[in-house]
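Heads up: the structure comes next, in structure tokens.
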Amino acid sequence: IINNIQGALLILAPVGTGKTSVLSTRVVKAIAAGIPPEKILCLTFTNRAAKEMQQRLAKMCPQKFRYITIKTFHSLCTSILRRDAKNIGLPADFVVYDDTDCLGIVKGIFRLRDDKKAQEKLSQIADCKIKASHLQLSPNYPLEKLFAPLGIDDAKLASKYQNLLQERHALDFADLIFYIRSLFSCYPEIKQTWQESF
């Protein structure tokens, strides 16, 4: 695994088995093989894992470390959207709401008191955005149709939730994925630029 620096690899391993160590060593091998560090992108799911990888690589290749891009998936999406959001009508100064912020909005719009039910609604809304079809990624696609799987009443409320986020120049975590997909779908040249960056 460490010596295979060309092409994609799928590594399935549970927590604590050394995935970060393997990936860090693979990065060092890639640099030693002549791959420029600024062309290397390391993605993780959590901030903790990203920080751990940064610390490892800072020790393993201190001279080249600062040129390597190490981010969470959501952080990478945020960076891309900050630069290119205007193309799909998003403000560049958007803020990212965490689940706590979003749950408060969902509770108010859906008139829920129970955290568990609010979390369930938020997950259903996110699911619609994450599973959006190519057609649904269009910036002009009606929100109520995007949220139609929730049923007529909930689709209206989910649209209200989405409109409120837009009014506040806010995105939730599912929006980060949704809008990246939308951006890349509508602007293949932007997608290609990012593909060629790493």
Side-chain angles (χ1 to χ4, degrees), residues 41 43-51 69-198:
L41 170 65
L43 289 176
T44 68
F45 284 104
T46 66
N47 288 322
R48 187 178 64 81
K51 189 175 180 181
T69 302
I70 304 167
K71 294 182 175 290
T72 64
F73 287 95
H74 291 113
S75 174
L76 177 66
C77 291
T78 301
S79 298
I80 294 170
L81 289 173
R82 289 252 183 257
R83 197 176 99 178
D84 294 314
K86 62 186 178 299
N87 293 289
I88 52 171
L90 289 178
D93 66 343
F94 66 82
V95 294
V96 179
Y97 277 8
D98 65 16
D99 282 353
T100 304
D101 299 320
C102 297
L103 281 173
I105 297 170
V106 167
K107 280 174 142 180
I109 289 174
F110 285 83
R111 296 191 174 152
L112 298 169
R113 291 186 182 177
D114 185 84
D115 282 350
K116 193 173 180 182
K117 287 184 180 175
Q119 182 61 61
E120 195 175 297
K121 288 291 178 204
L122 183 59
S123 294
Q124 290 170 354
I125 291 169
D127 203 46
C128 289
K129 291 189 269 192
I130 289 166
K131 292 180 178 175
S133 69
H134 183 74
L135 174 67
Q136 292 171 321
L137 294 172
S138 164
N140 301 320
Y141 193 80
L143 286 175
E144 286 191 28
K145 283 190 174 183
L146 176 66
F147 297 120
L150 305 179
I152 294 171
D153 293 337
D154 279 1
K156 287 179 182 174
L157 294 174
S159 299
K160 193 174 175 183
Y161 163 83
Q162 199 64 33
N163 284 324
L164 187 57
L165 287 182
Q166 289 171 358
E167 285 170 23
R168 296 180 179 183
H169 288 201
L171 304 180
D172 63 20
F173 290 138
D175 284 330
L176 293 172
I177 307 296
F178 177 85
Y179 285 118
I180 283 292
R181 290 182 62 217
S182 177
L183 177 70
F184 288 170
S185 175
C186 296
Y187 295 91
E189 67 279 9
I190 293 175
K191 178 182 179 181
Q192 186 174 353
T193 298
W194 282 100
Q195 280 179 323
E196 291 170 359
S197 295
F198 303 107

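- Closest approach of A118 to V106, counting heavy atoms only: O-CG1, 3.7 Å.
- Put simply, the side chain of C77 reaches to within 4.5 Å of the side chain of I177, judged on heavy atoms.
- The closest side-chain heavy-atom distance from T78 to F94 is below 4.5 Å.
- Between L112 and K121 the shortest side-chain heavy-atom distance falls below 4.5 Å.
- Between R83 and T193 the shortest side-chain heavy-atom distance falls below 4.5 Å.
- For the pair D127 (side chain) and S123 (backbone), a donor-acceptor distance under 3.5 Å is absent.
- Within 6.0 Å of CG in D153 there are 12 or fewer heavy atoms belonging to other residues, nucleotides or ligands.
- T72 places no side-chain N or O within donor-acceptor distance of the main-chain N or O of T46, the cut-off being under 3.5 Å.
- With a 4.5 Å cut-off on side-chain heavy atoms, D101 and D98 count as touching.
- Here the side chains of K107 and D115 are in contact, with some heavy-atom distance below 4.5 Å.
- The shortest side-chain heavy-atom distance between D84 and Y187 does not fall under the 4.5 Å cut-off.
- The shortest non-hydrogen separation linking T44 to A49 is CB-CB, 3.8 Å.
- Rounding to the nearest 0.5 Å places CG of L76 at 7.0 Å from CD1 of I180.
- Around the CG atom of N87, the shell of radius 6.0 Å holds more than 12 heavy atoms that belong to other residues, nucleotides or ligands.
- Residues Y161 and F147 have side chains not in contact (no heavy-atom distance under 4.5 Å, counting atoms from C-beta outward).
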Full working for side-chain contact (heavy atoms from CB on, under 4.5 Å) between R168 and V95: CA-CA 8 Å; R168 296 180 179 183; V95 294; over 6 Å; no
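- One finds the CG atom of L41 at 9.5 Å from the OG atom of S197 (value rounded to the nearest 0.5 Å).
- Nearest heavy atom pair, residue L146 against residue A132, reads CD1-CB, 3.9 Å.
- Applying the salt bridge (Lys or Arg N to Asp or Glu O under 4.0 Å) test to every pair with at least one member in residues 169-192, sequence neighbours left out, gives these pairs: K129-D172, K129-D175.
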